[in-house]
Protein chains: 2
Amino acid sequence: MAKTNKNQDTEGQILDAAKNVFQKKGMDGARMQEIADAAGINKAMLHYYYRSKQLLFEAVFSNAFSLLAPQLNKILNDDSSIEEKVKNFTHNYISFIIKHPYLPNFIIQELNRNPKFFEKIQQNAAFPTLEKFKNQVNEEVEKGILKPINGEQLFINIISLNIFPFVATPLIKGFLKFDDKGFKQLMEQRKTAVSEFIINSIKK
Amino acid sequence: MAKTNKNQDTEGQILDAAKNVFQKKGMDGARMQEIADAAGINKAMLHYYYRSKQLLFEAVFSNAFSLLAPQLNKILNDDSSIEEKVKNFTHNYISFIIKHPYLPNFIIQELNRNPKFFEKIQQNAAFPTLEKFKNQVNEEVEKGILKPINGEQLFINIISLNIFPFVATPLIKGFLKFDDKGFKQLMEQRKTAVSEFIINSIKK
DNA sequence: ATTTTTGTTAACCAAATGGTTAAACCATAA
DNA sequence: TTATGGTTTAACCATTTGGTTAACAAAAAT
């Protein structure tokens, strides 16, 4: 911290620090002073570069969502079979989240606090949509590859199984009496356990 | 609101109001004044009955968790078969949450904010434990009733599928382009869709 | 070399917020 | 009737907090 900050990269340092603080404490719990300290700069700089807490928060939020959207596109707009997609998505997504453990909870929490944010991120470039996935599920059901299932419900199931443990980590660690290490192992297991669980359920 | 409040039930009114405000806004977002207004009383009463925001919050939190624990006990400590338990739990839990939609997110959010709360609720009377469920899964796997599956992973899967949609409601409504009514219908469907999904996956 | 623009800081400010207090209110037991 | 004790309120307080300002430093532009 508090390195000899030449002027240049201040804006990036702020965004980094803001990301850490906002993702850990949320909009309401975060303090501008704490962000400034984490960035090793004066609080006034936050306003110089981002005008207000609200705008700084929105920058962090959009940024976070931009990381998640491509992950979702892999299962929604990829061309492989549903089975392949489930396997790939589960494996990739869990790997991804292990590296960014605060992300899902941050997004969900702040979306609950202010559902209007959804519209803001929808304008984002590669915003994923469900149409292709639903059609593909219907096709594969008709072809007899999959047991009959509603595409929307399947989508919800897939993201529930993948995301929930990372949103409810303290709850799961508590019930299962796992420490950090045990929890991580459990999540590693899930890379295959979840896709098996899903495939078992839907494949004819 | 602001009825002719005889002295008696003030403490309860406060708890009610606090529940609403805390569950919607969380510890950090909630304001004591807002709680007082919601209860139709003077702010000083909050401190008279509960000393501090922290203690009032803890009262609300314990209370909320006491509602959820019995639901979990149904799947963990009931005597019926795994298949029965999955069916019953899914049906009951979703019905329950539709009536208390803020509950799961509230618990999860505040547990993330301060994981130590888990210890506080653990002391609670009928705190559910996983042992019986794990043993039962192993038994049924050995007996050939279920396909081989890890009891812990199955437990995580069950609660993920049941709870996640209510935690991530704005996200799901956004992606699936559902309004309140459509979302509620979707959740009604899930009472059977989720248990079918699980049973399909694990039953031999 | 000097003016202008951009970046940075310490000090400051007004509003919000959790919490306190002293006085008033009110039911009821003496 | 009047003490008595719990209950309720308006006013107040200290601190925190997001945000601003004015002065200053460092680059860029002239």
Side-chain angles (χ1 to χ4, degrees), chain A residues 1-63 106 109-110 113-114 116-117 120, chain B residues 1-62 106 109-110 113-114 116-117:
Chain A
M1 331 299 140
K3 306 165 199 162
T4 350
N5 295 329
K6 287 281 181 296
N7 57 1
Q8 203 51 335
D9 212 20
T10 309
E11 196 170 341
Q13 285 176 250
I14 292 176
L15 205 64
D16 263 10
K19 183 172 65 183
N20 289 330
V21 175
F22 276 132
Q23 292 193 3
K24 241 174 275 191
K25 311 226 169 159
M27 171 69 167
D28 292 332
R31 295 292 159 249
M32 293 296 266
Q33 187 59 59
E34 189 180 356
I35 295 173
D37 291 348
I41 51 145
N42 188 289
K43 181 163 68 86
M45 298 304 285
L46 304 183
H47 294 95
Y48 180 76
Y49 284 104
Y50 292 91
R51 284 187 62 91
S52 68
K53 186 185 185 185
Q54 179 66 23
L55 288 175
L56 176 54
F57 175 81
E58 285 176 20
V60 170
F61 189 83
S62 299
N63 227 287
F106 173 65
Q109 184 48 29
E110 298 304 326
R113 205 178 54 86
N114 181 4
K116 283 182 194 163
F117 268 154
K120 204 157 274 170
Chain B
M1 324 297 145
K3 304 166 199 163
T4 352
N5 295 328
K6 288 281 181 297
N7 58 0
Q8 203 52 335
D9 213 21
T10 310
E11 196 169 339
Q13 285 175 250
I14 293 176
L15 205 63
D16 263 10
K19 182 172 63 185
N20 289 330
V21 175
F22 276 132
Q23 291 193 3
K24 240 175 275 191
K25 311 226 170 160
M27 171 69 168
D28 292 332
R31 295 291 159 250
M32 293 297 266
Q33 187 59 60
E34 190 181 353
I35 295 173
D37 292 346
I41 50 148
N42 187 289
K43 181 163 67 87
M45 297 304 286
L46 304 183
H47 294 94
Y48 180 76
Y49 283 104
Y50 293 91
R51 284 189 63 90
S52 70
K53 187 184 185 186
Q54 180 65 24
L55 287 175
L56 176 54
F57 175 81
E58 285 176 22
V60 169
F61 188 82
S62 298
F106 174 65
Q109 184 48 29
E110 299 303 326
R113 206 177 54 85
N114 182 3
K116 284 182 194 162
F117 268 153

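Quantities reported herein were computed from a predicted structural model and do not represent experimental measurements. Keep in mind that the numbers below use all heavy atoms, side chains included, and drop hydrogens, waters and symmetry copies. Throughout, protein chains are lettered first and strands after them, A, B, ... in sequence-line order, and every chain is numbered starting at 1.
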**OP:** Rounded off to whole Å, could you give me the CD-to-C1' distance for the Glu11(B) and dT8(D) pair?
**Re:** 15 Å

Original post:
Can you check the Asn42(A) CG to dT20(D) P distance for me, whole Å?
Top reply: 14 Å

Original post:
To the nearest Å, how far apart are Tyr50(B) OH and dG18(C) P?
Top reply: 17 Å

**OP:** Please report, rounded to the nearest Å, how far the C1' atom of dG18(C) is from the CD atom of Glu34(B).
**Re:** 15 Å

Original post:
Can you check whether Met27(B)'s main-chain N or O pairs, donor with acceptor, with Glu110(B)'s side chain at less than 3.5 Å?
Top reply: yes

Original post:
Does any donor atom in the side chain of Gln33(B) or Asp37(B) lie under 3.5 Å from an acceptor atom in the other side chain?
Top reply: yes

Subject >> Closest to the Tyr48(B) side chain, choosing from dT21(D), dT7(D), dT9(D) >> reply: dT7(D)

Subject >> Length of the CD-C1' vector between Gln13(A) and dG7(C), whole Å >> reply: 13 Å

Original post:
Which class fits the ring pair Phe57(B) and Phe106(B): parallel under 30°, tilted 30 to 60°, perpendicular over 60°?
Top reply: perpendicular

Subject >> Between P of dA22(C) and CE of Met45(B), the distance in whole Å >> reply: 18 Å

**OP:** Please collect all side-chain hydrogen bond (donor to acceptor under 3.5 Å, both in side chains) contacts where either partner lies in residues 15-29 of chain B, sequence neighbours excluded, each pair once.
**Re:** Lys25(B)-Glu34(B)

Original post:
Taking atom P of dT20(C) as reference, at what distance in whole Å does atom OH of Tyr49(B) sit?
Top reply: 17 Å

**OP:** Mind calculating the distance between CG (Asp9(A)) and C1' (dT6(C)) to the nearest angstrom?
**Re:** 16 Å

**OP:** Check the pair Leu15(A), Tyr49(A) against side chain to side chain contact (heavy atoms under 4.5 Å, CB included), reporting the backbone distance first and the verdict last.
**Re:** CA-CA 10 Å; Leu15(A) 205 64; Tyr49(A) 284 104; over 6 Å; no

Original post:
What pairs meet the side-chain hydrogen bond (donor to acceptor under 3.5 Å, both in side chains) rule with one or both residues in residues 51-61 of chain A, with sequence neighbours excluded?
Top reply: Gln54(A)-Glu58(A), Glu58(A)-Lys120(A)

Tabulated below should be each protein N or O lying under 3.5 Å from an N or O of nucleotides 16-19 of chain D; please produce it.
| unit_1 | atom_1 | unit_2 | atom_2 | d |
| --- | --- | --- | --- | --- |
| dT17(D) | OP1 | Arg31(A) | NE | 2.6 |
| dG18(D) | OP1 | Ala30(A) | O | 3.4 |
| dG18(D) | OP1 | Arg31(A) | NH1 | 3.1 |
| dG18(D) | OP1 | Lys53(A) | NZ | 3.1 |
| dG18(D) | OP2 | Met32(A) | N | 3.1 |
| dG18(D) | N7 | Lys43(A) | NZ | 3.4 |
| dG19(D) | OP2 | His47(A) | NE2 | 3.2 |
| dG19(D) | OP2 | Lys53(A) | N | 2.6 |
| dG19(D) | N7 | Lys43(A) | NZ | 2.6 |
| dG19(D) | O6 | Lys43(A) | NZ | 2.4 |

**OP:** Report the nucleotide, chosen from dT6(C), dT8(D), dT21(D), that has the shortest atom-to-atom distance to any side-chain atom of Thr10(B).
**Re:** dT8(D)

